[in-house]
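Each remark here refers to the structure printed beneath this line.
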Amino acid sequence: MAVEAARLTIRITLPDGSVREVPAGTTARQVAEQISQGLARAATSAKVNGETWDLSRPINQDASVEILKEDGPDALYVLRHSSAHALATAVRQLYPGAGIGFGPPIDDGFYYDFEVPRPFTPEDLAQIEEKMREVAKEDQQFARREVSREEARELFKGDPLKLERLEELGPDEIISVYTNGPFVDLCRGPHLPGTGRIRHFKLLHGAGAYWRGDSRRQMLQRIYGTAWYKKADLDQYLHRLEEASKRDHRMLGKQLDLFSIQEDVGPGLIFWHPKGAVIQFQLRRLIEDEVLKRGYDLVYTPHITREDLFRRSGHLPLYEHNQYPAMGAGAGESDEVRYRAKPMNCPGHVLIYSSRQRSYRDLPIRLAEVANVYRNELSGTLHGLLRVRGLTMDDAHIFCREDQIEEEIFQMLDLTDHILGKVFGLDYRLDLATRPEKKIGNDEAWDVAEQALAKALERRGLKYGMDVGGGAFYGPKIDVKVRDAIGREWQGTTIQLDYQLPLRFELEYIGSDNKPHRPVMMHRAIYGTIERFVGLLIEHFVGAFPVWLAPEQVRVIPITDDQAPAAKKIHERLRATAVRSHLDDRNETLNYRIRDGELMKVPYIVVVGAREVEQGTVAVRARGAGNKQEILPLDAFEQRLAAEIASRSLVLGKI
RNA sequence: GCUGACGUAGCUCAACGGUAGAGCAGCUGAUUUGUAAUCAGCAGGCUAAGGGUUCGAUUCCCUUCGUCAGCUCCA
């Protein structure tokens, strides 16, 4: 204590490496003012020894200090955090009894959760936004204060949600509260100097949200908003939201006539129209060809099975909430027999494995099946193709010896990269998901399994994140998150290790020691599900598929009826070489038909006029190329097209 | 499943509690087109379904189904 008191000055190191000696207790704002008034005005917060701090918080020790202006993610987080407080301030003024939950900054914005007797209506939101503008105009200063636990309890005695949070703070944690105008919040901070810096914001929507994210607890009313330092940034963000909705696969699916979901049949069940079915067909072909090259065998298994199978596998009762209820027995069977639609293929593949004796020489056995399964997903979670109840998994199960695990995982990661990275050009991110709360099997087995996955990932030199508690109930997994063009992440590929099913089904192989051993089992799906994958592809390509995947690859358009027979011949010749060609000889203008072809995102429009018929050429218009057409002999076009399809080129016109 | 909003022609959208409309698509005819919408005519609806209030309901209320956003869950 005596030593500290003796230190009247501290050393502040700035980003450029320069050092300033200032009195202890100097704030970042004072440091900024020393540098320049302009910097002080532009400052939003500061990085003190790597932590984001309020400008007004006294610095009492030697520190590195960086003044944060309005650019950069940290400064935006501060703005949005303060915006959340301004929102809560407004809500508290309009609804004095409102309980306050959490109000954090998030990507692109912020939210705050309120406990109110009646949910907010859109009109309420407009009114709240108005009030929030007043709060911003008043430029209420944010004041940070550290308080004792007792003091905090007193401060928030009317806020049960805050009290609950308060009691979770550890004994060593600093309890800080922030005050702006009439509003006090238990909050770690940091904040802007005042609400006056919150200028360009918009409340987006309200929604229910469970307190603490727990569906057993009360539902609070969450208000989402976005905030930016510059008006241009706000406008750009709102514009981006609009653009994003234009590439929504549900809308494009309708426009391009790819698929439908019909109320008469039920939610989450997909009708693949001819054009969408083409895409599914190509994906099936691709993966089936590829796994055959990689030593898998294809199998087919029943869609319904006796429910005892799922009892033995452990799906019942653990996974029952996701399964459709049991249906009755087949004719002639006992009334006590029940059947279930399969939610997963693993038990079926296990039965193929166990249908005969296996030798260590047979392993690994890799069984693949592009199969439909049915899962009774909660209605509120369904979302176009991205979350459905009738799923088509490109599923496979690998049965192998312990010493083969790492190599098999390694190979699966290679297959994943081949399909996602090379063929489709998608960026993806890996997560290692560990044991969940609801699980089967003991912790020792989980330890071994989790380590095996980590080892394979590391051997491949892949970066991965941890998803603690995110594993399947039967084993840990490596999940692949695919980012679509809008930036949202979806789980696609999944690679799962499973020690449980082999145990439950008492799987065996005869080892070189002539004794029975238990194989290890792995589950994996590269696309994840065809539905989700196609949905992602639609959004990724904005419906403009590469030629090999395009439902309609070529549209042949005769200029007048005189060329219709010749155009028909060209179309039929293309179709005979398995090119997906369509003839558009409708009684419409050329412009009309070109426009229609472009809107349907057909890669190549082949125009046939009198000159082309005479010379045996075609006038090819590539999608999106405007009126830059290319005239070439039909043979040459055919060859180029064939090469482009065969190479699965992602870029139009490139082989 | 939960909270809220929404559901009108094939699609996108209008219509104070007072006879349901438009554009596109479709059909018929004219037109025969050289690279993003030719013209005219016609047809298209138990306003998601069911119940209620009312002289009268697309409009107000209730129930069910579905969609959307978010939460929870998940491929």
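Excluded from the calculations below are hydrogen atoms, water molecules and symmetry mates; all remaining heavy atoms, backbone and side chain alike, are included. In what follows, chains carry the letters A, B, and so on, assigned in the order in which the sequence lines appear, proteins first and then strands, with residues in each chain numbered from 1.
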Under 4.0 angstrom between A:Thr589 side-chain N/O and B:U38 OP1 or OP2: yes
Sugar-phosphate only, base, or nothing, as touched by A:Leu599 at under 4.0 Å among non-hydrogen atoms: base
Contacts of type salt bridge (Lys or Arg N to Asp or Glu O under 4.0 Å), residue A:Glu644, not counting sequence neighbours: none
Audit row: A:Phe424, A:Leu286, side chain to side chain contact (heavy atoms under 4.5 Å, CB included) steps and yes/no: CA-CA 11 Å; A:Phe424 291 102; A:Leu286 172 68; 3.8 Å; yes
A:Tyr464: partners by ring-ring contact (aromatic ring centres under 6.0 Å, His included), with sequence neighbours left out: none
Separation of B:U33 C1' from A:Asn591 CG (nearest whole Å): 9 Å
C1' atoms of B:U8 and B:C46, separation to the nearest Å: 13 Å
Filtered N/O pairs between nucleotides 25-27 of chain B and protein, under 3.5 Å:
from: B:A25; atom 1: OP1; to: A:Tyr592; atom 2: OH; distance (Å): 2.7

A:Phe473 and A:Tyr319 aromatic ring geometry - parallel, tilted or perpendicular at 30°/60° bounds: tilted
Nucleotide B:G50, atom P - distance to CD of A:Glu263 in whole Å: 13 Å
Whole-Å P distance, B:G17 and B:U59: 11 Å
Integer-rounded Å distance: B:U67 P and A:Met251 CE: 18 Å
B:U58 and B:U47, which share atom name P, separated by this distance in whole Å: 7 Å
Contacting residues from residues 110-123 of chain A, given that a heavy atom lies under 4.0 angstrom of RNA chain B: A:Pro119
Rounded P spacing from B:C24 to B:A40 in Å: 10 Å
Salt-bridge criterion met for A:Arg340 and A:Glu320 (N-O under 4.0 Å): yes
A:Ser379 side chain near B:G1 phosphate (N/O to OP1/OP2, under 4.0 Å): yes
Integer angstrom distance from the P of B:G7 to that of B:G26: 28 Å
Spatial distance of atom CG (A:Leu203) from atom CG (A:Leu87) [nearest 0.5 Å]: 5.5 Å
Those residues that, when tested against A:Gln615, pass side chain to side chain contact (heavy atoms under 4.5 Å, CB included) (two or more places apart): A:Thr617
Residues forming a salt bridge (Lys or Arg N to Asp or Glu O under 4.0 Å) with A:Glu531, sequence neighbours excluded: none
Integer angstrom distance from the C1' of B:C13 to that of B:G18: 23 Å
Interatomic distance where CD1 belongs to A:Ile557 and P belongs to B:U33 [whole Å]: 16 Å
Donor-acceptor side-chain pairing of A:Trp211 and A:Glu164 below 3.5 angstrom: yes
Side chains of A:Gln563 and A:Thr560, donor plus acceptor under 3.5 Å: yes
A:Arg595 CZ - B:C24 P separation (whole Å): 11 Å
Lys NZ or Arg CZ of A:Arg80 over A:Phe110 ring: under 6.0 Å, within 45°: no
Base of B:U3 paired with side chain of A:Gln221 (donor-acceptor, under 3.5 Å): no
Between P of B:A36 and CZ of A:Arg623, the distance in whole Å: 17 Å
Partners meeting side chain to side chain contact (heavy atoms under 4.5 Å, CB included) with A:Gln629 (sequence neighbours left out): A:Ala619, A:Ile631
Touch class at under 4.0 angstrom, heavy-atom based, for A:Gln218 against every strand present: nothing
Sole residue of A:Thr416, A:Asp431, A:Thr529, A:Asp479 in side chain to side chain donor-acceptor pair (under 3.5 Å) with A:Thr494: A:Asp479
Where protein sits on nucleotides 8-15 of chain B, one letter per nucleotide: B base, S sugar-phosphate only, - none, heavy atoms under 4.0 Å: ---SS---
Reading 5' to 3' through nucleotides 68-75 of chain B, protein heavy-atom contacts under 4.0 Å coded B for base, S for sugar-phosphate only, - for none: SSBBBBBB
Whole angstrom value for the distance that separates C1' of B:U38 from CG of A:Leu590: 13 Å
Residues A:Glu614 and A:Arg611 bridged, charged N to O under 4.0 Å: no
Stem list, RNA chain B (Watson-Crick or G-U pairing under 3.5 Å, at least 3 consecutive pairs): B:1-7 with B:65-71, B:10-13 with B:21-24, B:26-30 with B:38-42, B:48-52 with B:60-64
Spacing of the P atoms in B:A15 and B:G21 (rounded, Å): 14 Å
Nearest-Å distance once atom C1' is located in both B:U63 and B:C11: 30 Å
A:Asn345-A:His397 side chain donor-acceptor pair, cut-off 3.5 Å: no
All ring-ring contact (aromatic ring centres under 6.0 Å, His included) counterparts of A:His205, not counting sequence neighbours: A:Tyr224
Side-chain donor/acceptor contact of A:Glu612 with base of B:G34 under 3.5 Å: yes
Distance, rounded to the nearest Å, where A:Asp124 contributes CG and B:U3 contributes C1': 14 Å
Polar contact flag, side-chain donor to acceptor under 3.5 angstrom, A:Thr121-A:Asp124: yes
Residue list, ring-ring contact (aromatic ring centres under 6.0 Å, His included) with A:Tyr324, at least two apart or on another chain: none
